[in-house]
There are 2 protein chains.
Amino acid sequence: MSNAAEVLKNKKLRITPARVHVLDIFIREAAALTHAEIEKLLIDDFDRVTLYRTLTSFLENGLIHKVPDESGIQRFAYCNHEHHEHSGAHSHTHVHFFCMQCSKTTCLDDILIPAIKLPEGFVQDESVFLVKGLCRKCSKNKAE
Amino acid sequence: MSNAAEVLKNKKLRITPARVHVLDIFIREAAALTHAEIEKLLIDDFDRVTLYRTLTSFLENGLIHKVPDESGIQRFAYCNHEHHEHSGAHSHTHVHFFCMQCSKTTCLDDILIPAIKLPEGFVQDESVFLVKGLCRKCSKNKAE
DNA sequence: GCATAAAATGCAATTGAGTTGCAATTGGCT
DNA sequence: AGCCAATTGCAACTCAATTGCATTTTATGC
């Protein structure tokens, strides 16, 4: 059984071609992907709606997480559990990085969102931290 | 001359009914607004396109700034210059707050985005920090 | 291995945000 | 008042995302 199928089984999700293929892509690609990007990466042709529903299902089951994107398009990335395992409930409290050169969005799994002090009366729940700039690869290319 | 007209004049923008009305709304409302919300708040009926172009113009001239929104819709808020005046160039480096109860997004002008240490090789430019939770008003109501 | 119910998929149609080109109008100026 | 450039309105379009419904597929028990 493929790695993806294994993950689906653990989550008690039905193992379907669409899900296995999409999950494979998420595991393979290290970046945060949009619906359209995944669609292009898929070899087999699935209906757009199926892909939307697959993403929703993965989201609900904690396989992927939403990634902030300023352009207004939804982005999703595979949840790297290695970094969060110890905390019990899965959390997405890491910083995300958008490269203005190559337009890739990546999870900085090791960098947690710093705590801030809100004004009196505000109660904090989740938060989103997106940093824009140049990724390792692009800043290196620029220096040469 | 109205407050809004004054602001437009200082920015060397033409004073048109659409601009004055939209700017009035931004000054009046303390929250970050979407295109659709502004459209509802407008008494006079302007074309959707006019509103989009008005927002673009205000954005380019630093009258409003983009506010992060997880749902993927663009939000804009009036730039409160009191807090940034001293820094010369206008900056939008404050934290934004989304209330999960009343769905309003507000600028926490006084709370600046904390600096973080990126991994080796990453170069930082701008960043976006959105905190979700309960605003003052809603957390107060809940406590009663 | 096969029947079955529930879940997943495909298709068609729809909504809503945002954009573009172009003609008509209006604001700021002398 | 009159000019020109900026602004507006209209029509048409793109793209992301959603919904209802009929069909197919999956997991499971026999």
Side-chain angles (χ1 to χ4, degrees), chain A residues 1-2 4-25 32-61 63-64 66-77 103 105, chain B residues 1-2 4-25 32-61 63-64 66-77 103 105:
Chain A
M1 193 181 275
S2 74
E6 199 75 54
V7 173
L8 289 170
K9 200 172 187 182
N10 287 339
K11 287 284 179 179
K12 294 190 173 51
L13 286 173
R14 287 201 175 172
I15 298 163
T16 67
R19 286 182 178 169
V20 171
H21 281 91
V22 174
L23 193 49
D24 268 339
I25 288 171
L33 305 169
T34 65
H35 172 104
E37 285 165 356
I38 299 164
E39 213 168 14
K40 275 190 207 115
L41 290 169
L42 280 170
I43 313 142
D44 300 29
D45 226 26
F46 298 103
D47 193 90
R48 292 163 34 73
V49 180
T50 301
L51 182 46
Y52 276 113
R53 288 196 269 231
T54 301
L55 293 174
T56 304
S57 156
F58 285 2
L59 203 57
E60 283 169 353
N61 289 278
L63 289 177
I64 58 176
K66 271 195 199 180
V67 173
D69 182 307
E70 281 218 281
S71 77
I73 303 167
Q74 294 282 17
R75 280 185 181 279
F76 305 94
S103 295
T105 303
Chain B
M1 191 182 278
S2 75
E6 199 74 56
V7 173
L8 288 170
K9 200 173 189 183
N10 288 339
K11 287 285 180 178
K12 294 189 172 56
L13 286 173
R14 286 199 175 171
I15 298 163
T16 66
R19 287 182 179 169
V20 172
H21 281 91
V22 174
L23 194 49
D24 268 340
I25 288 172
L33 306 168
T34 65
H35 172 104
E37 285 165 357
I38 299 164
E39 213 168 13
K40 275 189 208 116
L41 290 169
L42 279 169
I43 313 142
D44 301 29
D45 225 27
F46 298 103
D47 193 88
R48 291 160 28 75
V49 180
T50 301
L51 182 46
Y52 275 114
R53 289 196 269 231
T54 301
L55 293 174
T56 305
S57 155
F58 285 2
L59 203 57
E60 284 168 354
N61 289 278
L63 289 176
I64 57 175
K66 273 194 199 181
V67 174
D69 183 305
E70 280 218 281
S71 76
I73 302 167
Q74 293 283 18
R75 279 184 182 279
F76 305 93
S103 295
T105 303

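Because only heavy atoms are used, hydrogens play no part in the values below, and waters and symmetry mates are left out as well, while side chains stay in. Every value quoted in this text rests on a predicted model; they were computed, and no experiment measured them. Here is the naming used below: chain letters follow the sequence lines, and residue numbers restart at 1 for every chain.
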Looking at every non-hydrogen atom in both residues, tell me the closest pair between [X] and [Y] and how far apart they are.
X	Y	answer
A:Thr105	A:Pro68	CG2-O, 4.5 Å
B:Gln74	A:Glu70	NE2-O, 4.1 Å
A:Phe76	A:Val67	C-CG2, 4.2 Å

Between [X] ([atom1]) and [N] ([atom2]), how many Å, whole number?
X	N	atom1	atom2	answer
A:Arg48	C:dT14	CZ	C1'	13 Å
B:Glu39	C:dA17	CD	C1'	11 Å
A:Asp69	C:dA17	CG	P	18 Å
A:Gln74	C:dA17	CD	P	14 Å
A:Leu55	C:dA8	CG	C1'	14 Å
B:Leu33	C:dA17	CG	P	14 Å
B:Leu8	C:dG28	CG	P	9 Å
B:Leu51	C:dA17	CG	P	11 Å

- Query: Partners of A:Glu60 by side chain to side chain donor-acceptor pair (under 3.5 Å), sequence neighbours excluded?
  - Reply: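 Expected list: none.
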
- Message: Please enumerate all residues that pass side chain to side chain donor-acceptor pair (under 3.5 Å) together with A:Asp69, with sequence neighbours excluded.
- Response: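 If we apply the side chain to side chain donor-acceptor pair (under 3.5 Å) test to A:Asp69, skipping adjacent residues, the hits are A:Ser71, A:Arg75.
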
All N/O contacts under 3.5 Å from nucleotides 20-27 of chain C to the protein, with atom names and distances to one decimal?
| residue | atom | partner | partner atom | Å |
| --- | --- | --- | --- | --- |
| C:dG27 | N2 | B:Arg14 | NH2 | 3.4 |

- Under the 3.5 Å Watson-Crick or G-U criterion, the dot-bracket string of DNA chain C, with | for inter-strand pairs: ||||||||||||||||||||||||||||||

- Message: For the CG atom of B:Leu42 and the CG atom of B:Asp44, what is their distance to the nearest 0.5 Å?
- Response: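 Those atoms lie 7.5 Å apart.
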
- Message: Quick check for you: to the nearest 0.5 Å, what is the distance between A:Asn61 atom CG and A:Lys12 atom NZ?
- Response: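 That separation rounds to 10.5 Å.
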
- For B:Arg14, enumerate each residue passing the side chain to side chain contact (heavy atoms under 4.5 Å, CB included) test, keeping only those at least two apart in sequence or located in another chain.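 Scan of B:Arg14 (side chain to side chain contact (heavy atoms under 4.5 Å, CB included), adjacent residues dropped) gives B:Thr16, B:Arg19.
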
- Message: Could you work out, with side chain to side chain contact (heavy atoms under 4.5 Å, CB included) as the rule, every residue matching B:Asp45, not counting sequence neighbours?
- Response: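 Once residues adjacent in sequence are excluded, B:Asp45 has no partner under the side chain to side chain contact (heavy atoms under 4.5 Å, CB included) criterion.
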
- Item | Terminal contacting nucleotides, 5' and 3', DNA chain D versus chain A (heavy atom, 4.0 Å) |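 It runs D:dA16 to D:dA27.
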
- Could you pull out all residues at least two apart from B:Glu39 that satisfy salt bridge (charged side-chain N to carboxylate O under 4.0 Å, His left out)?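 Residues passing salt bridge (charged side-chain N to carboxylate O under 4.0 Å, His left out) with B:Glu39: none at all.
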
- Task: For A:Arg19, answer base if it contacts any base atom (sugar-phosphate contacts may also be present), sugar-phosphate if it contacts only those atoms, and nothing otherwise; contact means non-hydrogen atoms under 4.0 Å.
- Result: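 The residue A:Arg19 makes sugar-phosphate contact but no base contact.
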
Donor-acceptor pairs under 3.5 Å, side chain of residues 48-57 of chain B to any protein atom, not counting sequence neighbours: which ones?
| residue | atom | partner | partner atom | Å |
| --- | --- | --- | --- | --- |
| B:Thr54 | OG1 | B:Thr50 | O | 2.7 |
| B:Thr56 | OG1 | B:Tyr52 | O | 2.9 |

